[in-house]
Engineer: 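Just passing along the structure, written as structure tokens.
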There are 2 protein chains.
Amino acid sequence: MSLQNNHPPLNERSQHLLKVLVERYIRDGQPVGSRTLAEETVLNLSPATIRHVLADLEEHGYLLSPHTSAGRVPTARGYRLFVDGLLTVKPLDDSTVKQCQQQLKPDLNVQGLVSTASNLLSDVTRLTGLVMLPRRDHVTLRHVEFLPLNDNRVLVILVLNEQEVQNRIIYTDRVYSAAELQQAANYLNEVYAGCDVSQLRTQLLQAMQNDREHLNNLMQATVDVASKMFDKPKNSAPDYVMAGQENLLDLADGATGINRLRQLFATFTQKRDILYLLDQCLNAEGIQIFIGEEAGYEVMDECSLVAAPYSVEGKVVGVLGVIGPTRMPYERVISIVDVTAKLLSVALSQKGSDLDLLHDK
Amino acid sequence: MSLQNNHPPLNERSQHLLKVLVERYIRDGQPVGSRTLAEETVLNLSPATIRHVLADLEEHGYLLSPHTSAGRVPTARGYRLFVDGLLTVKPLDDSTVKQCQQQLKPDLNVQGLVSTASNLLSDVTRLTGLVMLPRRDHVTLRHVEFLPLNDNRVLVILVLNEQEVQNRIIYTDRVYSAAELQQAANYLNEVYAGCDVSQLRTQLLQAMQNDREHLNNLMQATVDVASKMFDKPKNSAPDYVMAGQENLLDLADGATGINRLRQLFATFTQKRDILYLLDQCLNAEGIQIFIGEEAGYEVMDECSLVAAPYSVEGKVVGVLGVIGPTRMPYERVISIVDVTAKLLSVALSQKGSDLDLLHDK
DNA sequence: TATTAGCAATCCCCCCGTATGAGTGCTAAA
DNA sequence: TTTAGCACTCATACGGGGGGATTGCTAATA
């Protein structure tokens, strides 16, 4: 990930030319030549001079000529320098921000917020948006309900963090009656409502040891059922949400060909690689940008990922961002990702504060 | 949808040649000429004779020459005749059927079954699979739970049809205490468990009129909350599930171009058109096939949809199928769709029988 | 009448050569 | 250090000429 060697000193002029070249290339996708650059820039230099500079930049690995008589194109390294220091982030216009703000109403459920954010990213950037589902290290049990199915199967309904509902089917060691299950649920709801789920199992076992004399059927049932309750469900939900995959089709022009695109789609359905990339952003502070080959995945060549963590009450709980061609309008995309992350953080935190309101009452 | 005019009488030989031509074209995608056909078929005819027949078929609208010196290609009408009567359905080999059967275990939840079926269709056909979510005209309430949130919002958890859990947030007219909600839930669970949800509201109102003297707070709360309970949620879940969209990329070869593909993707995200097509299959008996332009949607040109309804306990509750290029191996696809529909029906029906088992106990 | 062989005509596709134009690198002058 | 000039490279577009495949037609054949 880190660059092979430090950026060699690059004088102001070279940097400026690189910036203009990258911007131009991002604009219209054609290799940029010295003549164009001479007209584009304010420096009033002749194409010949610019050619010298460009030759330098190419030598240092920032640029690349597709062929002898074409203009030049930024390399991954060139993009890296560009996004790291050269680019001027355009703040998003207020109307768009307002629009986003309106869509991300905190009275949606978590699922709704996440998919709305994903659609938002996709719509505004015209790229592919994706949002990791928020994972909290600290999940509070609010309410639990057991319903007997046939044989030794039990439907468990968990209400977590005030509003999230999860349900799964567990297989118990023996058949429990509806009354037993009801009692077990009542016990859990009375004693453990508000507790952290991750510690619930150990707490239960402790309680069982302390009141060894009271170790009756009720407790047994409770422990049996509750300990199965938090096993990972088989068909666990997807870990992130995507929108706008169709925008990836823009990649299909020119030499990149349809095959790479197919690989990319395959990656998405497999989703392991993507998740790994997203995970790397979890610990980072602000916006993270992965440029093409840097990611290490061959399929991601020609692609970039712009991502930002989002948080609930100050704690980072997830990552969102967009995937698109390396040649994407970073100035816009960065601020869009940034704003969306902040808005989602706000929306989720407001939901969280329901909890406080509730306890105050 | 119906054909413009009846198929004019087509002698055996013409039909056979059309069949062979379509099969061949499906195999390798190249226009088929008279010489190839002469070798392919068993009829021992000279290319010249076959040319006469082909000219006839073309005149009747079954075939089409891309240009003067190319072979011939089936038209939508040609495909129609082919799938309606000519094609010989290949039964699926047992190992594949077994494999499908193993995947569609009835102990998955409905969501799981549907997405597994979708993946199955996509994997086995290498096309895009889609499954409409089962909609039952008859939804039984098993259990309901109310949890107060802040202000006048209530989290409602519904258990329907024994295993399906739905949850949503409703806004009540006034703030209810936890105790009130608990009572209301108890009342509903005791009196209306096992009832049809669609009739629940009217039944409630009736009950309220009968016991007018008992119209206490409890009843008021119950009616207030319960009547809001079944309003359609805003972010309603998607109505069908797709898998294998990446297989659509095969369409992107040659003249069809990337633009049509993009339109197609847009269609999928909008999903209205698709749903309309699927709906048409709901009332049909067996396998339905839509061929390209027949569907009436321009974007669906060059595409076909092979669909079959699936059922629970004999009643049709949904449709599944695959979408792919008009030039697809119908013989295989048809039997795959057929088998998948039957297997899904079986799996869903077995789940349904949990209900009976439960009541027996 | 149905089938077949023969044949000219058509048209796509591939290849090749050429012209064009954009852009480069080099060199020498300012 | 910058610039102008120039030869060179190479992708792209254009056009013409085979080669190949297939057709439709006509006339002969069974």
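Just so it is clear: chains get the letters A, B, ... in the order the sequence lines come, proteins before strands, and each one is counted from 1. These numbers come from the heavy atoms of this one structure, side chains and all, not from hydrogens, waters or symmetry mates. Model, not experiment: these values are computed from the prediction.
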Engineer: Could you check whether the rings of A/Tyr330 and A/Phe82 sit parallel, tilted or perpendicular, using 30° and 60° as the cut-offs?
Structural biologist: perpendicular

Engineer: Would you call B/Glu331 and B/Lys90 a salt bridge, taking side-chain N to carboxylate O under 4.0 Å as the test?
Structural biologist: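 Answer for the salt bridge query: no.
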
Engineer: Roughly how far, to the nearest 0.5 Å, is the CD atom of B/Gln30 from the OH atom of B/Tyr25?
Structural biologist: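 Between atom OH of B/Tyr25 and atom CD of B/Gln30 there are 8.0 Å.
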
Engineer: NE2 of A/His67 versus P of C/dA22: gap in Å, rounded?
Structural biologist: 13 Å

Engineer: What are the residues of residues 50-59 of chain B, sorted by number, that bring a heavy atom to within less than 4.0 Å of DNA chain C?
Structural biologist: B/Arg51, B/His52

Engineer: Could you check A/Ser65 against B/Thr49 and say which one's nearest nucleotide on DNA chain C is further toward the 5' end?
Structural biologist: B/Thr49

Engineer: Would you compute the distance between atom CD of B/Glu302 and atom OG1 of B/Thr326 and round it to the nearest 0.5 angstrom?
Structural biologist: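 Spacing of CD (B/Glu302) from OG1 (B/Thr326) equals 6.0 Å.
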
Engineer: Within residues 16-47 of chain B, which residues have any heavy atom lying less than 4.0 Å from an atom of DNA chain C?
Structural biologist: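 Nucleic-acid contacts, sorted: B/Asn44, B/Leu45, B/Ser46.
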
Engineer: Taking all atoms of both residues into account, what is the closest heavy-atom pair of A/Arg80 and A/Ile291, and its distance?
Structural biologist: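 It is N-CD1, 3.5 Å.
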
Engineer: What is the distance, to the nearest angstrom, from the CG atom on A/Asn11 to the P atom on D/dT1?
Structural biologist: 10 Å

Engineer: Using heavy atoms to find the nearest nucleotide of DNA chain C for B/Ala48 and B/Thr68 separately, return the residue whose nucleotide is more 5′.
Structural biologist: B/Ala48

Engineer: Is the base of D/dC10 touched by the side chain of A/Ser69 through a donor-acceptor pair closer than 3.5 angstrom?
Structural biologist: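 Pair found.
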
Engineer: For B/Arg332 and B/Val124, which heavy atoms make the closest approach, and how far apart are they?
Structural biologist: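 Heavy atoms only, the tightest pair is NH2-O, 3.1 Å.
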
Engineer: Yes or no on side-chain contact (heavy atoms from CB on, under 4.5 Å) for A/Leu320 and A/Leu121, after CA distance, side-chain angles and deciding distance?
Structural biologist: CA-CA 9 Å; A/Leu320 57 75; A/Leu121 287 170; 4.0 Å; yes

Engineer: OP1 or OP2 of D/dT23 less than 4.0 angstrom from a side-chain nitrogen or oxygen of B/Arg72, does that happen here?
Structural biologist: yes

Engineer: Does this structure show an ion pair linking A/Glu23 with A/Lys19, if we count only N-O contacts that are shorter than 4.0 Å?
Structural biologist: yes

